[in-house]
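As structure tokens, the structure follows; a few thoughts come after it.
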Amino acid sequence: EFAFSILDAGQRACVTVRRAMLRAVWLGRMRVGVGVGATPIRGLGDAIRHRTPRLHPQSQIFRALSDSTPTPTVEKGDGFTSLHENGDGDETEALPPSPPPSAATHSTASSSPGNTVLPVTFADICRAHARIKNGVRYTSCYQSIALSKLCGAEVYFKAELQHPTGSFKERGALNALLSLPRIEQQTGVIAASAGNHALALASHGGKLNIPVTVVMPTIAPLSKVERCRELGANVILHGSNIQEAREECSARPEWANLRYINGFDDAEIIAGAGTIGLEIAAQVPEFDVIVVPCGGGGLLAGISLAAKTLRPDCLVYSAEPENCPSFGEALRAGHPVKVVTRPTLADGLAVPQMGANAFVIAREYTDMNVTVSEMEVARAVLRCVEMEKLTVEGGGVAGLAAILPGGRLHEEVQGKKVVIPLCGGNIDVTVLGRVIDRGLAADGRLVRVVVTVSDRPGGISGLTTVLAESGASIKDIFHERAWLTAAIDEVQVQVVMEVTSAEHGDRVHETLRDLYPGKVAWRVR
């Protein structure tokens, strides 16, 4: 009876009862009576879960979790690590799956039935949070004033690039490693990864004395490959994408005894990623929308499950590169399918086939899936560098790319409180330079123009003088005569120049057309 009395928002319950109630919600169970003979009643926690966020501020949820949930400790010895609990909790107890809330609406496919049995529950995410909270950073979540103004919404960034290895992958990796049986900790683990998952496993595997082997595709950034080696992982380069790297993990007999940890589809990985959703709910309690980058789907599945459980009326959108739309194709087919991928700036999201477990959860809780173009990703990287002084990799800014002016979600988020996980900051410096150039080009601030001028002395000099007086900065210039079909005394000059804005570029273009009528070819991209 006390449980239902708490559900009445008009009644005031004491702190002790509130904490007991919240612990029951987080663990997905309640106990009637006290002492050793207490009888577990499963499902009651699930029944009240959907009303909990309305009655209990998120700060109390986290205090209750910290005060009531047993904290795991790591014991080292004999070269391996084991997980134990301080308290009377049962770490290995299998709780029944949480009944999902009403199915979400998708732009490309109908939702799953409401009685879908999910491979990961909200209780799993809560246990993952308790397990890893002392081993990973509690990353900041702050409002970007400049980008809020640009996007027409309150934009908050969950800065997952603050982790030591530069991405959110540390959450799932640590949760998975701590969940391993002792024998598998001794033998070691193997994974296929384009970089971030490999970095996370290498880092925490080294701390826990668990051998780590990672197979990385050839598209993986060099900085990530070298960093994995520095962290002590056995790095193998194979294949042109994640799928081919994964197949190699199964092909070699010497790796048969290693536990494979899927970087986006294992239950422990999804639960670890879901802890981001718990933190967002505590840091921005009244959020309206979360826009999550999507590759293999683990991050989307975990965050959407946590967010929709704590705040059922929120909206969860996913953004994936149009060069690898694995989630969109899975929604159309009704199940994960392999898609043809093309090179993308969002290399961390280039997963040809979405994970089966991740898909079941993401389909249930995601409201809309959109794609972002290469130019939109480049522009988003540029915005982070210029406005936030943050270096974010292409996959990490997919959510921001979708809500910037011109993005597919720009109109959807107007006037709303939007949270975007910046899920990774590992990008090669050489690649960053090229991405910034593409972003400037997409912005109309880096332009090309071909002008036909006199081949007599002073012809090219006159053109450069006009550009200088117009405020344009010449970045590159090239002229040719051999392939010109115009008069023999003329030369074509190709100029790559920087302008302050697209409007400034238009003014420069107008000036050139007036001075060189019929002889200007303007190319913004």
Side-chain angles (χ1 to χ4, degrees), residues 165-177 179-180 184 187-206 210-229 231-270 272-273 293-301 320-321 324 326-327 330 336-341 343-344 346-359 393 395 423-424 426:
T165 60
S167 85
F168 78 97
K169 291 288 189 178
E170 289 201 20
R171 298 172 181 269
L174 181 57
N175 189 43
L177 291 173
S179 301
L180 290 174
E184 291 183 351
T187 305
V189 298
I190 188 171
S193 169
N196 287 339
H197 179 53
L199 284 168
L201 282 177
S203 175
H204 289 288
I210 299 176
V212 174
T213 298
V214 291
V215 181
M216 306 179 74
T218 55
I219 62 170
L222 295 178
S223 60
K224 296 180 181 180
V225 175
E226 292 305 315
R227 180 62 177 149
C228 283
R229 290 187 173 129
L231 291 171
N234 175 30
V235 179
I236 307 296
L237 293 177
H238 180 86
S240 59
N241 55 49
I242 291 292
Q243 190 71 25
E244 293 180 5
R246 170 68 181 92
E247 293 168 356
E248 180 67 8
C249 292
S250 305
R252 298 195 184 186
E254 62 268 28
W255 294 339
N257 293 328
L258 300 182
R259 166 68 181 274
Y260 182 79
I261 299 181
N262 189 302
F264 51 84
D265 204 41
D266 281 5
E268 296 81 8
I269 295 293
I270 296 173
C294 181
L299 178 65
L300 175 62
E320 61 182 352
C324 185
S326 54
F327 187 31
V337 294
K338 189 173 182 179
V339 301
V340 177
T341 65
T344 173
D347 58 281
L349 304 181
V351 181
Q353 183 168 324
M354 189 177 186
N357 292 330
F359 174 72
E393 61 185 275
C423 54
N426 296 313

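Numbers here are sequence positions counted from 1.
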Stepwise side-chain contact (heavy atoms from CB on, under 4.5 Å) test for R252 and T213: CA-CA 12 Å; R252 298 195 184 186; T213 298; over 6 Å; no

Does the side-chain contact (heavy atoms from CB on, under 4.5 Å) test come out yes or no for V212 and V214, once each step is laid out? CA-CA 7 Å; V212 174; V214 291; 3.9 Å; yes

Would E268 and R171 count as a side-chain contact (heavy atoms from CB on, under 4.5 Å) here? Give the steps. CA-CA 9 Å; E268 296 81 8; R171 298 172 181 269; over 6 Å; no

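With sequence neighbours excluded, the residues that form a side chain to side chain donor-acceptor pair (under 3.5 Å) with E184 are R259. With sequence neighbours left out, S167 forms a side chain to side chain donor-acceptor pair (under 3.5 Å) with no residue at all. By the side chain to side chain contact (heavy atoms under 4.5 Å, CB included) test, Q353 pairs with Q243, P336, K338, sequence neighbours left out. Qualifying side chain to side chain donor-acceptor pair (under 3.5 Å) partners for T341, counting only residues two or more places apart in sequence or in other chains: none. With sequence neighbours excluded, no residue forms a side chain to side chain donor-acceptor pair (under 3.5 Å) with D266. For E247, the salt bridge (charged side-chain N to carboxylate O under 4.0 Å, His left out) criterion is met by no residue, not counting sequence neighbours. Residues forming a salt bridge (charged side-chain N to carboxylate O under 4.0 Å, His left out) with E320 (at least two apart in sequence, or on another chain): none.
Side-chain atoms of E244 and H238 form no donor-acceptor pair, as typed in the model, at a separation below 3.5 Å.
We find the CD1-SG distance between I236 and C249 to be 9.5 Å, quoted to the nearest 0.5 Å. Remark: L299 CG to N196 CG distance equals 11.0 Å, nearest 0.5 Å. The CD atom of E248 sits 11.0 Å away from the CG atom of L237 when rounded to the nearest 0.5 Å. The distance from atom SG of C423 to atom NZ of K169, rounded to the nearest 0.5 Å, is 8.5 Å. Taken from CG in N262 to CZ in R246, the straight-line distance is 7.0 Å, to the nearest 0.5 Å. Rounded to the nearest 0.5 Å, atoms OG (S203) and CG (L231) are 5.5 Å apart.
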Side-chain donor-acceptor pairs under 3.5 Å in residues 187-194, sequence neighbours left out?
residue	atom	partner	partner atom	Å
T187	OG1	I183	O	2.9
S193	OG	G195	N	2.9
S193	OG	H197	N	3.4
S193	OG	A198	N	3.0

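The two residues C228 and A202 make their nearest non-hydrogen contact at O-CB, 4.2 Å. When all heavy atoms are compared, the tightest approach of A330 to V337 is N-CG2, 4.2 Å.
Using a distance-only test at 3.5 Å, with no hydrogens or angles considered, no donor-acceptor pair links the side chain of T344 to the main chain of A350. D265 places a side-chain N or O within 3.5 Å of a backbone atom of N357 that can act as its donor or acceptor partner. T218 places a side-chain N or O within 3.5 Å of a backbone atom of G239 that can act as its donor or acceptor partner. Checked by atom type and distance alone, the side chain of N175 never pairs as donor or acceptor with a backbone atom of I269 at under 3.5 Å. N426 contributes a side-chain N or O that, together with a main-chain N or O of T165, makes up a donor-acceptor pair within less than 3.5 Å.
Looking at S240 and P217, their side chains never come closer than 4.5 Å, going by heavy atoms from C-beta outward. Counting heavy atoms from C-beta on, the side chains of L349 and V351 never come closer than 4.5 Å. Proximity of L177 to I261: side-chain heavy atoms (C-beta onward) are separated by under 4.5 Å at one or more points. Side-chain contact between M354 and C294 is present, with heavy atoms from C-beta onward closer than 4.5 Å. Annotation: side chain of F359 is in contact with side chain of F327 (closest heavy-atom distance under 4.5 Å).
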